[in-house]
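Here's the structure, in structure tokens; my notes come after.
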Amino acid sequence: MAKRRITQETFDATVRENMEEFDMEPDEALKEAVEQFESQGVDLSYIVKAAPAAPSNEEQEEQMHEILQVLDTLRNRNESADVMDLMEDIKSFTEHCSVGFAHRYLAAQKDAYPVILSCCKKSFDRQEAVLTATLALAALTDGQPDLLDAEGQRFLLDILIKYREDSEVTRAAIKTVHHCCLKHEQNRQDLVKGGVLALLTSSITQHSDCAELVKEASVALRVMTFDDDVRVTFGHAHDHAKIIVLEHNGLKVLIDAAKGHLEDTSVLSELCATLSRLAVRNEFCQDICDLGGLKLIITLLADSYESAELVRQILSAIRAVAGNDDVKDAVVNAGGVPLIVIAMNRHTTSSLVCEQGCACLSVLALRKPDNCSVIMENGGAFAAIQSMKTHADAVNVQKQACMLLRNLVSRMPNYIQPILEMGAEALIAEAVKTHQDCGDVGKAALRDLGCKVELRELWTGKHGSLTN
């Protein structure tokens, strides 16, 4: 059931009422208003939970939140003032937007977007000004991709072209692209048609030494392969991934970038995450291997045990490229299995690492009896069992572990008894009982392990008339 929503004006009026009629201090009045609305089931995530500031000048008739005061100043001065004279106000606006989503939402409700876009266009030919204005646009659109219109799309593409030599401006524009394409399929399609993929990949190559830009561009590329807009039945995620790889040499660009930042775990995490999103075809998986990407990923796994986030992304990349049967063998031959098991054992408390580790081993075991032997010999089944015990409430860990155990015995029945002796039956049965999403995979695992399992007959297929 959806929560109720109120306007910022309603909330502010309640705070003022508490102060004026009940003689409360601002903090007390604010706390009382929050508790009152939350008790009524109101969603306050869109509300700035602060007492409005006093009027900043005589022209203002009532109190306003600080972000609206700054916006009001920008709106009034934008037409007449030189853009350089607006810099402090634009920076102040950006800072207020960065406080939280509620502040950005309130500003957007008061038509901040056309004001900020106007500042961006006005500053187009002045590097310092356009950087400041674009950062404000990036801050405002964070979580609000619907704000971007055709005029804003054109501005971003023009900025990426004009300032391609400038890493700071380029990064600010890419950050805005990222924000405006997350959960917004139409913006993705429009910007791709406008040539944004070429600009993103070339920015990584051109500014390969700038870690923050490489990260931001990698994230933006990855967002282009998402299918996360619930308003759209079918997106172009797969097509965008193919364009990045086939038309813009995306795999080589990302792998080369990773080689240039081997000491920066945050950059490597983003690059591995994006590589995994591009491994959408059998030949792409092989290309990653041929370009040295698999060797690089395995080396990173061996050298980067301390960072759980990087380990998770590396495992995700291995899982993706191992969709190719030849790459499966390459992972195993490169010593990937013991490294995956060690990573799972090192980060037993991380459900995300355990989930990806089980998923990796499951993919490697699929249709590969020889790989199953390597996994068993290196303790892969035991690591999966331990993951199920440690993360009983994590449905994805339970699902991936069930799939791994099933794949290990489906063509190697001699492993059934050793796995049962580890306690697999009780753990799988509990997962089926606790998590509805584990029903099918769990029961399939129990069946292949030779355990008793109740299979519910959904339809008997009896012949009969549709009418009485």
Side-chain angles (χ1 to χ4, degrees), residues 1-20 24-56 60-76 88-120 132-149 152 172 175-184 187 219 223 228-231:
M1 182 177 177
K3 283 190 172 185
R4 291 173 52 209
R5 296 270 291 273
I6 60 171
T7 64
Q8 184 70 49
E9 288 77 10
T10 298
F11 182 83
D12 291 343
T14 302
V15 175
R16 283 196 296 272
E17 181 182 358
N18 289 340
M19 293 170 62
E20 295 169 2
M24 293 182 182
E25 292 296 320
D27 290 344
E28 183 185 6
L30 179 64
K31 181 181 178 182
E32 176 67 23
V34 170
E35 291 176 351
Q36 175 184 339
F37 285 117
E38 287 183 342
S39 69
Q40 297 171 7
V42 175
D43 179 8
L44 296 181
S45 62
Y46 290 80
I47 298 298
V48 175
K49 292 178 278 293
S56 60
Q60 290 182 0
E61 298 180 357
E62 60 180 33
Q63 296 176 323
M64 295 176 65
H65 289 281
E66 290 184 9
I67 190 170
L68 298 185
Q69 290 185 355
V70 176
L71 176 60
D72 204 37
T73 300
L74 282 173
R75 183 182 287 112
N76 292 333
E88 291 306 314
D89 289 324
I90 295 175
K91 289 177 182 178
S92 178
F93 178 82
T94 303
E95 290 174 3
H96 285 297
C97 281
S98 301
V99 172
F101 176 75
H103 291 73
R104 301 192 288 275
Y105 180 78
L106 175 60
Q109 294 301 299
K110 300 302 181 181
D111 296 324
Y113 175 76
V115 175
I116 298 303
L117 182 60
S118 174
C119 292
C120 289
T132 301
T134 305
L135 286 172
L137 185 62
L140 178 63
T141 54
D142 187 4
Q144 303 188 101
D146 285 343
L147 294 177
L148 190 71
D149 56 11
K175 191 171 187 176
T176 312
V177 169
H178 162 201
H179 289 165
C180 293
C181 289
L182 194 63
K183 297 184 179 180
H184 203 295
N187 282 346
V219 173
V223 168
D228 57 357
D229 190 339
V230 297
R231 300 167 295 187

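When a residue number appears, it is its place in the shown sequence, counting from 1.
- Heavy-atom contacts from other residues, nucleotides or ligands closer than 6.0 Å to CD of Q109 number more than 12.
- Taking the six-membered ring for Trp and thresholds of 30 and 60 degrees, Y105 and Y46 have ring planes more than 60 degrees apart, a perpendicular arrangement.
- The structure places CE of M19 at 11.0 Å from CE of M24, a figure rounded to the nearest 0.5 Å.
- Between K110 and E9 there is a salt bridge, since at least one side-chain N of the basic residue sits less than 4.0 Å from a carboxylate O of the acidic one.
- Contact annotation: the side chain of P145 never approaches that of L182 to less than 4.5 Å [non-hydrogen atoms, C-beta and beyond].
- A donor-acceptor pair under 3.5 Å is absent between the side-chain atoms of T10 and the main chain of I6, judged by distance alone.
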(request) Kindly indicate, with the supporting measurements, whether the criterion side chain to side chain contact (heavy atoms under 4.5 Å, CB included) is fulfilled by E28 and E32. (result) CA-CA 6 Å; E28 183 185 6; E32 176 67 23; 5.6 Å; no
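- Smallest separation of non-hydrogen atoms from V48 and A102: CG2-O, 3.5 Å.
- The CD atom of Q144 sits 5.0 Å away from the CG atom of L147 when rounded to the nearest 0.5 Å.
- To the nearest 0.5 Å, atom OG1 of residue T7 and atom CD1 of residue I47 are 6.5 Å apart.
- The shortest heavy-atom contact between H184 and N187 is ND1-N, 3.1 Å.
- Summarising the geometry of C180 relative to L148, their closest heavy-atom pair is CB-CD2, 3.6 Å, with the distance given to 0.1 Å.
- Summarising the geometry, atom NZ belonging to K175 is positioned 9.5 Å from atom OG1 belonging to T141; distances are rounded to the nearest 0.5 Å.
- Rounded to the nearest 0.5 angstrom, L74 CG and C119 SG are separated by 5.5 Å.
- Using a 4.5 Å heavy-atom cutoff, the side chains of R4 and D43 are not in contact.
- Between the side chain of H179 and the main chain of A138, a donor-acceptor pair closer than 3.5 Å is present.
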(request) Kindly indicate, with the supporting measurements, whether the criterion side chain to side chain contact (heavy atoms under 4.5 Å, CB included) is fulfilled by V34 and K31. (result) CA-CA 5 Å; V34 170; K31 181 181 178 182; 5.8 Å; no
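- Between the side chain of S118 and the backbone N or O of P114 there is no donor-acceptor pair closer than 3.5 Å.
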(request) I would like to know whether R5 and V42 meet side chain to side chain contact (heavy atoms under 4.5 Å, CB included); could you show each step before the answer? (result) CA-CA 6 Å; R5 296 270 291 273; V42 175; 6.0 Å; no
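- Nearest heavy atom pair, residue I90 against residue A133, reads CG2-CA, 4.1 Å.
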(request) Using the side chain to side chain contact (heavy atoms under 4.5 Å, CB included) rule, take Q36 and T14 through it: C-alpha gap first, then chi angles, then the decisive distance, then the call. (result) CA-CA 9 Å; Q36 175 184 339; T14 302; 3.7 Å; yes
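- Among the candidates I116, V115, L71, the single residue satisfying the side-chain contact (heavy atoms from CB on, under 4.5 Å) test with L140 is I116.
- Residues that satisfy the ring-ring contact (aromatic ring centres under 6.0 Å, His included) test with Y113, not counting sequence neighbours, are absent from this structure.
- A salt bridge does not link K183 with D146: every distance from a Lys NZ or Arg NE/NH1/NH2 to an Asp or Glu carboxylate oxygen is 4.0 Å or more.
- When side chains are defined from C-beta on, L30 counts as touching F11, because their heavy atoms get closer than 4.5 Å.
- Without hydrogens or angle criteria, D72 side chain to L68 main chain gives no donor-acceptor distance under 3.5 Å.
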(request) Run the numbers on R104 and D142 for salt bridge (Lys or Arg N to Asp or Glu O under 4.0 Å), then give the verdict. (result) CA-CA 8 Å; R104 301 192 288 275; D142 187 4; 3.8 Å; yes
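- Applying the side-chain contact (heavy atoms from CB on, under 4.5 Å) test to D12 and every residue at least two apart in sequence or in another chain returns Q8, R16, P52, H65.
- For L135, the side-chain contact (heavy atoms from CB on, under 4.5 Å) test picks out L131, A172, with sequence neighbours left out.
- Judged by distance alone, with hydrogens and angles left aside, the side-chain atoms of S98 form a donor-acceptor pair with the main-chain N or O of T94 at under 3.5 Å.
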